[in-house]
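Worksheet for the structure shown next.
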Amino acid sequence: MEELKKMVAEGRDDLVPDKVRALLDQGTDVEAVMKQALIPAMDQVGELFQSGEIFLPEMLVAAQAMKAGMAVLEPFIKGSGVKPLGRAVVGTMQGDMHDIGKNLVIMSLEGAGFEVVDLGMDVAPEAFVAAIQTHQPRIVGMSALLSSTMTAMKKTIQAIDDAGLRGQVKIMVGGAPVNREFAKEIGADFYGKDSVAGKVFATEAVQI
Ligand code: B12
């Protein structure tokens, strides 16, 4: 696990997939791989970036290595043969280019049986509104990794409200700088600390 963490932090996307497969073959749990190696590696990279020990290119290659590991885990997280549970629209906020957390949320929702419309990253409030009008989801998921793009969550919820769509969707928000108080303040229905919390909320919300 430590070796995998190091490989991700060092951006070795050539080595990470085989290491992940080897751990799974040894019987290591998918969630453990995620929580004990891949995510801590990104936290470590974030800290090194913050302290000026590494720069943007290193952070980017680490993200690529993380994604290479996630691609191996994806079929296990998504599972198979689950009956359709509902529809969700998920995106990263305008101005924000972080999509690893969002992609995990999508995998978890799909694993629970949701049909998910992935709006990608840097999603404008109007694009969320248009997607709700087109796809009529019950769940909307918003992700922000920058303090500066958290405010776009508020704007987006306001735009959904202005379009008269607020009543038909349950909105969940997440991302490292987001917390429960902020979610409440901007009128979201739920703050999810991780993708599993988001999945649990969404699954309960569609059954009401
Ligand atoms: C990888 C990374 C990048 C990559 C992103 C690649 C990609 N495709 O995503 C690149 C190199 C592009 C990048 C760029 C930048 N980054 Co950056 N990045 C990171 C890093 C190291 C990891 C993020 C990550 O993927 N974590 C792993 C995932 C799994 O965790 P997560 O996203 O938090 O998601 C989990 C939960 O939060 C939750 N979740 C997330 N979203 C949602 C949504 C819902 C609905 C729910 C329920 C749950 C949920 O579920 C996930 C787990 O299950 C973080 C450090 C960190 N520890 O977060 C910095 C970090 C976020 N970046 C930072 C910065 C400053 C930047 C730049 C501004 C740097 C620059 N000078 O240009 C740019 C901004 C670009 C932009 N406009 O967005 C800062 C942000 C500081 C702040 N608070 O504003 C951080 C914290 C680093 C630091 N400590 O300084 N970055």
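Just follow the structure's listing: the first ligand is 1, and inside any ligand the first atom is 1.
Residue Met97 places at least one N or O, backbone or side chain, under 3.5 Å from an N or O of ligand 1. Considering both main-chain and side-chain atoms, Lys102 never comes within under 3.5 Å of ligand 1 through any nitrogen or oxygen pair. Checked by distance only, ligand 1 and Glu47 stay at 3.5 Å or farther apart across all their nitrogen or oxygen atoms. For Gly95, a nitrogen or oxygen atom sits less than 3.5 Å from a nitrogen or oxygen atom of ligand 1, counting backbone and side chain alike. In terms of polar-atom proximity, defined here as any N/O pair under 3.5 Å, Ser195 does make such a contact with ligand 1. Looking at ligand 1, you won't find any N or O of Asp194 less than 3.5 Å from one of its N or O atoms.
Using a 4.0 Å heavy-atom cutoff, Lys67 is listed among the residues neighbouring ligand 1. At least one heavy atom of Lys193 sits less than 4.0 Å from an atom of ligand 1. Residue contacts with ligand 1 include Gly175, since one of its heavy atoms falls under 4.0 Å from the ligand.
When distances from atom 15 (C) of ligand 1 to the protein are checked, a heavy atom turns up under 4.0 Å. Counting only heavy atoms, the protein gets under 4.0 Å from atom 45 (C) of ligand 1. Atom 55 (C) of ligand 1 is approached by the protein to below 4.0 angstrom, counting heavy atoms only. For atom 19 (C) of ligand 1, a protein non-hydrogen atom is found at a distance below 4.0 Å.
Checking Gln26 against Thr28 by side-chain atom types alone, no donor-acceptor pair falls below 3.5 Å.
From the protein, the heavy atom lying nearest to atom 60 (C) of ligand 1 is His98 NE2, 3.9 Å. The single protein non-hydrogen atom nearest to atom 9 (O) of ligand 1 is Asp99 N, 2.8 Å, given as residue, atom name and distance. Nearest non-hydrogen protein atom to atom 59 (C) of ligand 1 is Met59 SD, 3.9 Å. With hydrogens left out, the protein atom closest to atom 80 (C) of ligand 1 is Leu146 CD2, 3.5 Å, a heavy atom. With respect to atom 88 (C) of ligand 1, the closest heavy atom belonging to the protein is Gly46 O, 3.5 Å. Protein heavy atom in closest approach to atom 24 (C) of ligand 1: Met42 CB, 4.3 Å. From the protein, the heavy atom lying nearest to atom 34 (O) of ligand 1 is Gly101 CA, 3.3 Å. Closest protein heavy atom to atom 65 (C) of ligand 1: Phe49 CE2, 4.0 Å.
To the nearest 0.5 Å, the span separating CD on Gln158 from NZ on Lys155 amounts to 11.5 Å. Asp99 CG to Asp122 CG: the interatomic distance, rounded to the nearest 0.5 Å, is 11.5 Å. Here CE of Met153 is found 8.0 Å from CZ of Phe128. Values are rounded to the nearest 0.5 Å. One finds the NZ atom of Lys154 at 6.5 Å from the CD atom of Glu185 (value rounded to the nearest 0.5 Å). Note that CG of Asp18 is 11.5 Å distant from CZ of Arg12, once rounded to the nearest 0.5 Å.
The neighbour count for Gln64 CD, taken as heavy atoms of other residues, nucleotides or ligands under 6.0 Å away, is above 12.
Counting atoms of ligand 1 from 1 in the listed order, those under 4.0 Å from a heavy atom of Ala176 are 33 (O), 37 (O). Short contacts between ligand 1 and Met172, defined as distances under 4.0 Å to a heavy atom of the residue, involve ligand atoms 45 (C). With ligand atoms numbered from 1 in the order given, ligand 1 contributes 42 (C), 43 (C), 44 (C), 46 (C), 48 (C), 49 (C) to contacts under 4.0 Å with heavy atoms of Val105. Taking every heavy atom of Gly192 and a limit of under 4.0 angstrom, the matching atoms of ligand 1 come to 46 (C), 47 (C), 48 (C). Counting atoms of ligand 1 from 1 in the listed order, those under 4.0 Å from a heavy atom of Ala63 are 1 (C), 6 (C).
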**OP:** Apply side-chain contact (heavy atoms from CB on, under 4.5 Å) to Phe201 and Lys170, showing your working.
**Re:** CA-CA 9 Å; Phe201 168 76; Lys170 292 284 181 195; 4.0 Å; yes

**OP:** Apply side-chain contact (heavy atoms from CB on, under 4.5 Å) to the pair Glu10 and Leu15, showing each step before the final yes or no.
**Re:** CA-CA 10 Å; Glu10 289 175 355; Leu15 302 178; over 6 Å; no

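Tested against Asp189 for a salt bridge (charged side-chain N to carboxylate O under 4.0 Å, His left out), the candidates Arg166, Arg138, Arg180, Lys184 yield a single pass: Arg166. Each of Val206, Leu85, Val169 was compared with Ile139 under the side chain to side chain contact (heavy atoms under 4.5 Å, CB included) criterion, and only Val206 meets it. A side-chain hydrogen bond (donor to acceptor under 3.5 Å, both in side chains) with Arg87 holds for exactly one of Gln136, Glu115, His135; it is Glu115.
Using a 4.0 Å cut-off between heavy atoms, Leu104 contacts ligand 1 through its side chain alone, with no backbone atom that close.
Residues Lys67 and Asp13 are not paired through a salt bridge, judged by the lack of any N-O separation under 4.0 Å between the basic side chain and the carboxylate. The pair Lys5-Asp43 fails the salt-bridge criterion, with no side-chain N (NZ, NE, NH1 or NH2) lying under 4.0 Å from an Asp/Glu carboxylate O.
In the hydrophobic cluster analysis, where Ile, Leu, Val, Met, Phe, Trp and Tyr join through side-chain heavy atoms closer than 4.5 angstrom, Met142 is grouped together with Val129.
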